[in-house]
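Single-structure report; data block below.
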Amino acid sequence: MTDNIYRSLPRLYDRLPLSTQLFVRIRLFLSDLYQLETYVPKEGRILDIGCGHGLLSNLLAITSPQRQVLGIDIDAKKIALAQLTIGTRGNIQFEIGDAVWLPNGSFQAITIADVMYLIPPKTQRAILTSIASALEPNGVLIWKSQIHHPRWKYAITYAQELLMTKLGLTQGSGIFFMDLEESLQTIRDAGLDPVVIPILSRRPYSDILFLGRKL
């Protein structure tokens with residue numbers, strides 16, 4: 001990742017309220033989205049589920065103009081703010097959308113980062129099944145999640161997300177982190193071939209990356 005992209009990504013939010021600028025900069029520091037980006041195909045239609053203010057969507061769009069990125073989120077206020085970051089770029093869109101009912105069409109890749117833990121397991125399974133149906137042949141799911149090990153990192157992860165939901169900074173039905181084997185089996189049940197990618201970081205979180213290839 002070039003220094004130019006590292007600097008230009010947060011600058012897309014310079015016109016937004018100061019609170020939003022602060023939020024996206026903190027998220028960029030705490031979430032290793034740059035590592036996730038390297039596993040996304042460099043071209044084709046890309047869907048980013050639960051995009052929030054559009055940080056990952058924008059990263060995907062500016063790192064490869066050949067990507068056509070669509071970010072969806074159920075929060076209309078966040079989508080309205082994300083749309084202000086587009087400018088004149090033609091390879092990115094933001095829409096209000098629900099992960100259970102995905103947009104029409106097929107996608108080369110679908111990303112979902114730091115979102116699923118807010119959704120009950122039954123609905124998580126339904127979402128992964130919908131994702132599998134929406135992927136093109138040989139398309140890939142890139143899912144950034146968290147697992148229960150190491151225990152001390154999981155404890156910090158859980159405590160932070162509990163605080164975020166209590167403060168209303170994130171919205172969900174509760175906190176539902178799946179562990180490693182449960183997540184892998186859920187991906188298999190959806191019809192995808194899973195691979196685990198460790199996220200090596202000094203950050204005190206139990207982050208992990210799952211890839212699910214549609215065969």
Side-chain angles (χ1 to χ4, degrees), residues 1-99 101-105 107-119 127 131 134 140-145 160-161 164-165 167-172 199 203 207 209:
M1 191 64 57
T2 67
D3 290 341
N4 182 54
I5 291 173
Y6 186 84
R7 291 191 299 268
S8 62
L9 180 57
R11 287 176 183 167
L12 295 174
Y13 295 84
D14 284 350
R15 295 175 52 205
L16 274 58
L18 185 59
S19 59
T20 303
Q21 294 182 45
L22 180 61
F23 182 87
V24 298
R25 281 166 170 78
I26 291 173
R27 179 157 192 251
L28 189 59
F29 175 74
L30 295 179
S31 301
D32 197 350
L33 300 180
Y34 295 109
Q35 182 173 345
L36 186 157
E37 185 276 333
T38 63
Y39 293 96
V40 179
K42 296 300 182 184
E43 59 184 36
R45 295 187 73 212
I46 313 296
L47 177 64
D48 181 26
I49 296 175
C51 67
H53 297 99
L55 191 58
L56 175 57
S57 303
N58 275 315
L59 173 63
L60 297 177
I62 65 176
T63 48
S64 180
Q66 288 73 42
R67 292 175 178 142
Q68 293 295 321
V69 181
L70 172 60
I72 65 170
D73 199 282
I74 60 172
D75 191 324
K77 292 181 179 179
K78 289 183 179 179
I79 288 295
L81 291 170
Q83 288 171 339
L84 296 176
T85 69
I86 293 175
T88 60
R89 293 176 297 148
N91 71 327
I92 186 167
Q93 294 177 289
F94 293 104
E95 296 178 0
I96 300 170
D98 193 315
W101 296 281
L102 298 182
N104 293 330
F107 299 89
Q108 182 62 36
I110 297 178
T111 61
I112 184 164
D114 304 321
V115 173
M116 292 279 262
Y117 71 92
L118 297 167
I119 303 168
I127 290 170
I131 287 173
V140 62
L141 160 72
I142 302 99
W143 173 19
K144 182 176 179 289
S145 187
Q160 177 178 297
E161 298 308 328
M164 295 286 280
T165 54
L167 293 175
L169 297 175
T170 55
Q171 300 178 11
I199 295 181
R203 299 176 180 89
D207 293 343
L209 199 61

So, taking the atom named [atom1] in [X] and the one named [atom2] in [Y], what distance separates them when rounded to the nearest 0.5 Å?
X: R45; Y: I110; atom1: CZ; atom2: CD1; answer: 9.5 Å
X: L84; Y: D14; atom1: CG; atom2: CG; answer: 12.5 Å
X: M164; Y: L118; atom1: CE; atom2: CG; answer: 9.5 Å
X: L47; Y: I72; atom1: CG; atom2: CD1; answer: 5.0 Å
X: L9; Y: I62; atom1: CG; atom2: CD1; answer: 4.5 Å
X: T85; Y: L12; atom1: OG1; atom2: CG; answer: 5.5 Å

Minimum heavy-atom distance [X]-[Y], with the two atoms named:
X: G50; Y: D73; result: C-OD2, 3.2 Å
X: A76; Y: I96; result: CB-CD1, 3.6 Å
X: A113; Y: L56; result: CB-CD2, 4.1 Å
X: K77; Y: D75; result: N-OD1, 3.0 Å

Strictly distance-based, threshold 3.5 Å: is any side-chain N or O of [X] a donor or acceptor partner for the main-chain N or O of [Y]?
X: R67; Y: P41; result: yes
X: D48; Y: G71; result: no
X: T63; Y: L60; result: yes
X: Q108; Y: I46; result: no

Would you indicate whether Q83, at its atom CD, is surrounded by more than 12 heavy atoms from other residues, nucleotides or ligands within a distance under 6.0 Å? yes

I'd like to know whether CZ of R203 has more than 12 heavy-atom contacts from other residues, nucleotides or ligands below 6.0 angstrom. yes

Side chains of [X] and [Y]: does their closest heavy-atom pair fall under 4.5 Å?
X: F94; Y: L81; answer: no
X: K42; Y: E37; answer: yes
X: T111; Y: Y39; answer: no
X: C51; Y: I79; answer: yes
X: D32; Y: D207; answer: no
X: L33; Y: L55; answer: yes
X: V69; Y: R89; answer: no
X: I127; Y: W143; answer: no

**Item:** Output field: ring centroids Y13/H53 closer than 6.0 Å
**Value:** no

- Pair R27-D114, side-chain contact (heavy atoms from CB on, under 4.5 Å): steps then yes or no: CA-CA 10 Å; R27 179 157 192 251; D114 304 321; 3.3 Å; yes

